[in-house]
Every structure is written in structure tokens, then in C-alpha cells.
Amino acid sequence: MPERVAGETVPLRLVYSAPQLAQPGTPPLAEDCYNPFPELNDPAPDGVPSVFPMRAKYSLALDTQYLPSSIAVPRAELTEARLATLTPARRGIVAAWLAGTEGPMRIPVPREPALEEAFGFEGNFELAHQRLAATDYKWAFRTFLLAPFYTTFEDALRARRRIRVPLRADPGGTPLQRRWAAVQEWFAPTQVVDEVISLLVCLALNADHAWAGRERAWAEQESEEVRGFAEAYRAVRDQFAPEFRSVLRSNDTAARRRLAEALIQYGRDMLSEAHGAPFPPHNEPIPDDMPVPRRAVRRPPLVGGHADAGRKGLIVHPEITDHTNITSGTASMAEVAQQCQALLVRDDERGKSFLRRDELWPLYASFEREEGGNVAPVRMRASANLHLVAALMMGIRGRDGARLAATTGVWIGDYVLFLEAVRQQICTGIGLRCPFWDGERCCRFRPLLERVSELAGPRAGWPHWQPAPCLG
């Protein structure tokens, strides 16, 4: 569990982080970083995530990576001149993606040639996190514990309940605090497994004899940040010691990929054995002869627009209800989004492997690092949220069962991203910022941000909560 600092618990974040890799450049400013997605920030000396993000992260709630060494380039802009700046191996991977019809619309490449090594390390590290997110354990965690948090959060905003930030995990507290306590209880044990397996996968895919000293430094850094890492890392490293010796001697690429794949499977087994599965006790299967109940999806509070595109209400797609067996109550759009993503991520992983060099794992959103300044240094690009929009259009239907229009899916996607940004801010206590503020125009979610500003306030002595610039 998180360590205690100055009488408060260091905020738990639903991200997994790579160790620091030496790379060109320094953070733009040393002061606090009020990023609208603060879980991406790096920890300050007191453990609070308030430092400009220079380390790679994988966001479980958004199913996406943040790689400081990369930039996502639209396919049309990958010219011969741009491709010529890549290493031969990287050019081969990008060429395979460009040749495919189902590849990403924006392709990640190193921000500059000098960052090729950092890009390879970060990409493999966060890809291991991404693949471990497809386990049954994390599907259950997200479906039954994390997803309902967003509905409870909406309930608090509707009822005008005060929220002290950072949100305290308290099994005997407010409904929101109880939800957060359950999320922390089930998420925290996954950190050791994820960090151990991800570092070993990187070593399997990238390491040579010159990496021995760096492995020790990375393991020491992880040990300082993740309780129990050192013991677990040594146990798994020793178990796979013969395989590591073999790949270092032979430098056989196929053997490296087989070892990385074996490590992913070992991590899946560790997750399934470590903490059971967070299924609620009332989760009884729906009998085959019983119609799947029509569970309602409610509109966001205080938000105008036409989220249902003129339909008389929305429902959870029966396929999602059939998978979750949650048959009562109404769900927020963000709850259904989390359940849809968890299901698609788990199902998409089936049959995929490191053994195929050009394998693709989709991301549901893209973070892009700006060149300067520390206000909103990480932006969410709506044009890159195609998988998120597709998940929403799969999981939410009109009450008549009809598919949503694409514009409605984009509208709901924006709301899901907005609520996730605010969720991260109240849980870390780093805010308040709208993820869509461009310095000039307010977005459609201003009334809801005003409600958050009215209800959320810092605990005594907490220095990281400020008024939202767009509400000034």
C-alpha cells in the first residue's frame, strides 16, 4: 500500500510506470505541474505526483501509453525523409504498419533520432503493462470495482456532496471514499507483478551484457517505489536465469521473443493467483432461458448537447450486460465505457504474441507532450480516440436497440475523457484543470467543471489544488 507522508497517504495512481531512462532534455519547469491527467506526472520527493512527466506510463483506466520519447505522426506525414531518420529495424516495423489496412492512424516514432534507445525501452516496458491489462483479474477489477466509481462520482456531483482532495480511501466513509478504498485494495497488489514482469520483458527483448549495471539501477529504483519489488524480482529472475543466460550468449531474436512471451504468461499466472478475482458476491449468471435485462444509461449531470442524438434514452448493450451479469440500477456513460474497454482489451489479446514482429495492440487514447510550458503539458487528442469511440458505440445503444451515430459516440467519448481527467485530479489532489481548455474557448463541460470547483476543496495544508484557469 502507499507510504504515508506528512500525515497523509501518498495518492495511489491507476498507472504503471517505467524506471527513469537517461535521455536528452530536462523538464520545462521545476515547479508543480498542473497536468489535467496528473496520474501521468512523476513523483516529487514527497511522493506526490506533481512533477512534469519524463517517465513512461501506462494508464489502466484509459488503456493507453504515455511515452515521453515518442511522437505520434499521422500516416500521411511519414514521408521518406522522416522514415530516413529511423533505424533500419524501426523502419521495418513502421513499413509493416503502413502496409496494413488496420494499422493505427497515427504511428508512434522517436521524437528525434537520439531517442531511439529510450523509445525502444519505454515502448517494450509499457507494452508489457498493456498486455498484463488483458488478464481476467484486471477485467474483473475494472468491470466490478473501477467502473462503478464513475457512477458514484456522478452521484456525489448531483447530490452536491463535498469532496476533500486528495480523496481519502476510507471503507467507513462517504460512498465515494468507500468506492476508492475498494479500488485501492484490489489495484495495489498488481503493481509488484506488473513492474517485475515489465522490467524482465524489457531485458529479454533488449538487453545485452552492457545492460547489467543498468538493470541493477532500474531494479533499485523500482524497489524504492514499489513495496515488495526486490524479493519478487529476484525470485522471478532466478527462475528464468537459464533462459536469460542463453539469450545473452546467442543473441537469438526468436529466443528473446519466446522468453518475453513466457514472462507475460508467468505474469498472468501471478495475477490470477495473488489476489483472487474481485467479483461481487451477488454476481450470479443470467440463466440461458431468461431475457437479458435492459439496463439504462443515464445522461451526464449539468451537461447540455444531444448525447442520445434525439433517442428516448440509452441502454447498455445486452452483450455487455450478459458478460457482467449486472442487471440492476442505472450506469453512467463512463461506467459503461470502462466495462466495454476492459472486455475489448481482454478479448483483443487472445492469439497475440511477441513472436510476431509487427503485431499491433490498439490504444484507446493518445497523450502528446507539448514542447514547452508546464500548463497542460500532456494533451488528449480527440482525433486519436477511434478505439474509445468504437468501444462506446459497441456498448451503448438507443433504447430501441439502434446503434449510435458516430457524432454521438465522439460526444460521449469527450465526456468520458473529461470525467476521467477530473477523477484523476480529485484522487491525486492535483488540479483543477479542464482537459479541453485551449486558453481561449470554454468547452461544453463548463457547467460540470463549475460544480466540481464548487464541491471539491483541499484538505488542510494541501498545496496542490488551485482554481481552474478557464473558470476565472
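For this chain, numbers begin at 1 and follow the sequence in order.
With a 6.0 Å cutoff to the six-membered ring centre and a 45° limit on the axis angle, R237 counts as a cation-pi contact of F244.
Taking the six-membered ring where tryptophan is involved, the planes of F153 and F149 are tilted, since the angle between them lies from 30° to 60°. The aromatic rings of F229 and Y233 lie parallel to each other, with less than 30° between the two planes, well short of the 60° mark. The aromatic rings of F354 and W361 are tilted relative to each other, their planes meeting at an angle between 30° and 60°.
Residues Y137 and F141 keep their aromatic ring centres 6.0 Å or farther apart. F187 has its ring centre less than 6.0 Å from the ring centre of Y16. The aromatic ring centres of W437 and F445 sit 6.0 Å or more apart.
Residue T151 holds its OG1 atom at 11.0 Å from CD of Q338, rounded to the nearest 0.5 Å. A distance of 10.5 Å separates CD1 in I426 from CG in L432, rounded to the nearest 0.5 Å.
Looking at every heavy atom in both residues, L363 comes nearest to Q130 through CD2-OE1, 3.4 Å. The two atoms that bring V94 and L78 nearest to each other are CG1-CD1, 4.0 Å, heavy atoms only. Nearest approach of A421 to P435, heavy atoms of both residues: CB-CG, 3.7 Å.
A salt bridge does not link R131 with E126: none of the charged nitrogens is closer than 4.0 Å to a carboxylate oxygen. For R82 and E77, the salt-bridge test fails: no basic side-chain N is under 4.0 Å from an acidic carboxylate O. Using a cut-off of 4.0 Å between Lys/Arg side-chain N and Asp/Glu carboxylate O, R356 and E261 are scored as not salt-bridged. One finds a salt bridge joining D63 and R142 here, because a Lys/Arg side-chain nitrogen approaches an Asp/Glu carboxylate oxygen to under 4.0 Å.
With respect to T152, the side chain to side chain donor-acceptor pair (under 3.5 Å) criterion is satisfied by exactly one of Q177, E335, R179: R179. Checked options L86, L67, T85, I71; the residue passing with P110 is L86 (criterion: side chain to side chain contact (heavy atoms under 4.5 Å, CB included)).
Side chain to side chain, S69 and E122 meet the donor-acceptor criterion of an N or O pair below 3.5 Å.
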Residues H129, S198; criterion side chain to side chain donor-acceptor pair (under 3.5 Å); working and verdict: CA-CA 6 Å; H129 287 320; S198 293; 2.9 Å; yes
